[in-house]
> 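Attaching a single structure in structure tokens format; questions to follow.
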Protein chains: 2
Amino acid sequence: MSASSPAPPLRSRATGRVTLADVARLAEVSPITVSRALRGERAVDPALIERVKDAAAKLGYVPDPAARALASQRSSHVAVLIPALSNALFVDLLEAAQRTLRPAGYQTLIGITHYDPIEEEQLLREQLQHRPAGLLVTGLDRSEATRALITASGVPCVHLMETSDAPGVYSVGLSQEEAGAAMTRHLLARGRRRIAFAAAQLDPRTLQRLAGWRREMVNAGLHDPALEWLNPAPSSLAEGARMFEQIAAHRPADKPPVDAIFFCNDDLAQGALLAALRLGVAVPAQIAIAGFNDLTGSDQMVPPLTSVRTPRSEMGRAAAQMLLGLMRGETPPAPSLDLGFDLVVRGSS
Amino acid sequence: MSASSPAPPLRSRATGRVTLADVARLAEVSPITVSRALRGERAVDPALIERVKDAAAKLGYVPDPAARALASQRSSHVAVLIPALSNALFVDLLEAAQRTLRPAGYQTLIGITHYDPIEEEQLLREQLQHRPAGLLVTGLDRSEATRALITASGVPCVHLMETSDAPGVYSVGLSQEEAGAAMTRHLLARGRRRIAFAAAQLDPRTLQRLAGWRREMVNAGLHDPALEWLNPAPSSLAEGARMFEQIAAHRPADKPPVDAIFFCNDDLAQGALLAALRLGVAVPAQIAIAGFNDLTGSDQMVPPLTSVRTPRSEMGRAAAQMLLGLMRGETPPAPSLDLGFDLVVRGSS
DNA sequence: CTGAAAGCGCTTACAG
DNA sequence: CTGAAAGCGCTTACAG
């Protein structure tokens, strides 16, 4: 029992975890060198890097995110703010972003704003307390306070879904207005004249699509405010069915009937298609129907739904990649990335 | 310029953050007392609590999660493992859980397993490095290694979707087998005899529903292995349409035709309903169709889809509440909570 | 019921 | 290119 080693310290709070110090001891260097070698920061002698990496692997060393965050004032989290998970659009966006960020060592922290600027601001405040390394937010419209919070935090931020030319703003998206205009031109080209625009939720991007529709209708000399059906309720199949019933039932004596409806989102259009089926309204013979986002199931509808395919997985991936660059301190080749859209013409129009 | 205050320390890394020490100074107590007063841990003189809270409010103090995690070896994260976000079922579950956990100060860390036990194990390893305060996992089936990781971590864990009687296992769910049996009994009661069970993805819960169907079919003396259509592909409307076409086209000479199809999930059943419409197959006259989970849109289908409503928001909320209790060190009244299900009979059956 | 000391496991800021 | 010291902002473990 000749205890040559010193007695364990009285106030031990040892966690059993392999630490940087353990790796440093095995590699016979200082902890700082281990830290630098493992993070690839600053030049370290290649031979030492090798030795450190071997030691780390041998011990199964895993950095402690909390210690790292406390010391560096920056966590390994990326905060993502999206309006809802009920719209498949955002689910795809999120999955793609996560798929890019996770291999790079970042955890995703999701905040659901329910399309509410107040909730968005509150969520952002909470997330900023975790000192995220990066930020992914939906769209460009938000409260002045939220915008100021983002700027003041100094956290790299990329905006999703829309594009912006404002200095210092990074964005990956598409022109919602052009997409709305393109669909309207398609319906006009098919000979439709009384094209209604039907929208729910009325978020900023929906209103941009509305602007595109309005521009083309005015250009064609066919605009009529009575063709705008704007409904602040959340978007859903049931809501789309209700709106279709209303629009189809609305037959003013002094105007020709609606011959096409452009819905701002596919779930509404799918509901409309089902309502038309129930009511015996022939699509597209009597009324053409078009949607937006080309969501799951749209190609299965009867008739299949004409829509605008938006590159949501690509947006999620590209935005995450731009953010990774910003977090490394790089300047992206272009601050704004327009990923475009595709018109998908199917049987409903 | 009579600088009576000492020069600022040379090696300042001040963050400008309001710290526990600032609050302690203003309240004229020690930092430990502030820590205890704010967390409600251990008895502290009520008068002091008051003083501390006032001081904290006055300074706008917000605890630093990283420092807290490092010192306590437990973060404010709850890790959630779900198979996919493409099934609306899990979106609802997640939203409900988050809605309960966030007000209690917990951030949700989402891991998507893609129904893969290997991915689940890897995700769990990553998440455990963040020392989550709690764990929410889907179902009871997982690799032995994953199970061992959970146990060894000592992190409180609640299982979603199914219920278990195993000691030390906490769960909130429903009997998938009973739900499958109930739907089958309903179809039998309607006079259906050749009831097919059509499934995709083939995850554990789907197989439990299959077992319920099989039990009732055997009991009724009507079971036939040829009625089982098991497809490992991911579940979707398009896949449901394909399966319906196959099943409808399969007309062996020696057996009566299928007169009902019980799909393991509503998206498949919705796709089948649309395929029936395209093919001119009368539902329910010729074939009854039933689904599972009562997802969005099922009530809008033509005809409306018969389904099983599963209490997913309730499950998410109840599981989160049980977890909050466990994280506080409490023992839940019952380790297993069965929230049941409702048969929703609509026009398709 | 309250507190002084130590420690959690990293990185920053200097210095050489 | 490398390292000794200090510090990030909390909580734990003791002691009284």
Side-chain angles (χ1 to χ4, degrees), chain A residues 7-25 27-52 56 59-76 105 129-131 133 329, chain B residues 7-25 27-52 56 59-76 105 129-131 133 329:
Chain A
L10 248 66
R11 296 165 162 277
S12 167
R13 279 164 68 186
T15 59
R17 193 170 184 128
V18 177
T19 70
L20 207 61
D22 297 324
V23 178
R25 220 162 302 143
E28 298 182 303
V29 294
S30 74
I32 311 93
T33 300
V34 174
S35 173
R36 290 202 275 249
L38 260 28
R39 276 177 303 134
E41 181 245 344
R42 275 177 58 167
V44 178
D45 184 333
L48 283 191
I49 295 184
E50 189 74 7
R51 234 163 70 200
V52 167
L59 296 175
Y61 169 69
V62 179
D64 183 323
R68 184 171 266 185
L70 180 58
S72 69
Q73 301 293 331
R74 189 117 301 179
S75 77
S76 60
Q129 284 160 23
H130 286 255
R131 302 187 181 282
Chain B
L10 250 65
R11 297 166 161 278
S12 167
R13 278 165 68 185
T15 59
R17 195 169 182 127
V18 177
T19 70
L20 207 60
D22 298 323
V23 178
R25 220 163 301 144
E28 299 183 303
V29 294
S30 74
I32 311 92
T33 300
V34 174
S35 173
R36 289 201 275 248
L38 259 27
R39 276 177 304 134
E41 182 244 343
R42 273 174 62 169
V44 178
D45 184 332
L48 283 191
I49 294 184
E50 190 74 7
R51 233 163 70 201
V52 167
L59 296 175
Y61 170 69
V62 179
D64 183 324
R68 185 171 266 185
L70 179 58
S72 69
Q73 298 295 329
R74 189 118 300 179
S75 76
S76 59
Q129 284 160 23
H130 286 254
R131 303 188 180 283

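Source: prediction; values computed, not measured. Proteins come first, then strands; the chains are lettered A, B, ... in the order of their sequence lines, and each starts at number 1.
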> Do A:D64 and B:R131 touch side chain to side chain, with heavy atoms closer than 4.5 Å?
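The answer is yes; the side chains approach within 4.5 Å.
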> Whole angstrom is fine here: how far is it from CG in B:D45 over to C1' in C:dC1?
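From B:D45 CG to C:dC1 C1': 7 Å.
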> Over how many whole Å does the gap from A:R25 atom CZ to D:dG3 atom P extend?
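Distance check: A:R25 CZ to D:dG3 P gives 15 Å.
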> Quick one: is A:R39 getting a side-chain N or O under 4.0 Å of the C:dT11 phosphate, OP1 or OP2?
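For A:R39, the contact criterion (side-chain N or O under 4.0 Å from OP1 or OP2 of C:dT11) is met.
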> At their closest point, which heavy atom of B:P63 faces which heavy atom of B:R17, and how far apart are they?
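The answer is O-NH2, 3.5 Å.
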> Dot-bracket, DNA chain C: Watson-Crick or G-U, under 3.5 angstrom, [ ] crossing, | other strand?
|||.||||||||.|||
> If the cut-off is 4.0 Å, is B:S35 near the phosphate of D:dC10, judged by side-chain N/O to OP1 or OP2?
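No, outside the criterion.
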> Nearest-nucleotide wise, let me know which of A:A71 and B:P31 is further upstream toward the 5' end of DNA chain C.
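Checking each residue's closest nucleotide, the 5'-ward one belongs to B:P31.
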> What is the separation between atom CG on A:L70 and atom C1' on D:dC8, rounded to the nearest whole Å?
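Rounded to whole Å, this separation is 4 Å.
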> Rounded to the nearest angstrom, tell me the gap between atom CZ in B:R74 and atom P in C:dG9.
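My rounded result for the distance is 14 Å.
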> Distance check, rounded to the nearest 0.5 Å: B:S75 atom OG versus B:Q129 atom CD?
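Here the interatomic distance stands at 12.0 Å.
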> Whole angstrom is fine here: how far is it from CD in A:Q129 over to C1' in D:dC10?
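Atom CD in A:Q129 sits about 15 Å away from atom C1' in D:dC10.
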> May I have the distance from B:I32 (atom CD1) to D:dG16 (atom C1'), rounded to whole angstrom?
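Rounding to the nearest Å, CD1 of B:I32 and C1' of D:dG16 are 14 Å apart.
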> Provide, to the nearest angstrom, the distance between the CG atom belonging to B:L20 and the P atom belonging to D:dC10.
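After rounding, the reported distance stands at 5 Å.
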> Taking atom C1' of C:dC1 as reference, at what distance in whole Å does atom CD of B:E50 sit?
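In whole Å, C:dC1 C1' and B:E50 CD are 17 Å from each other.
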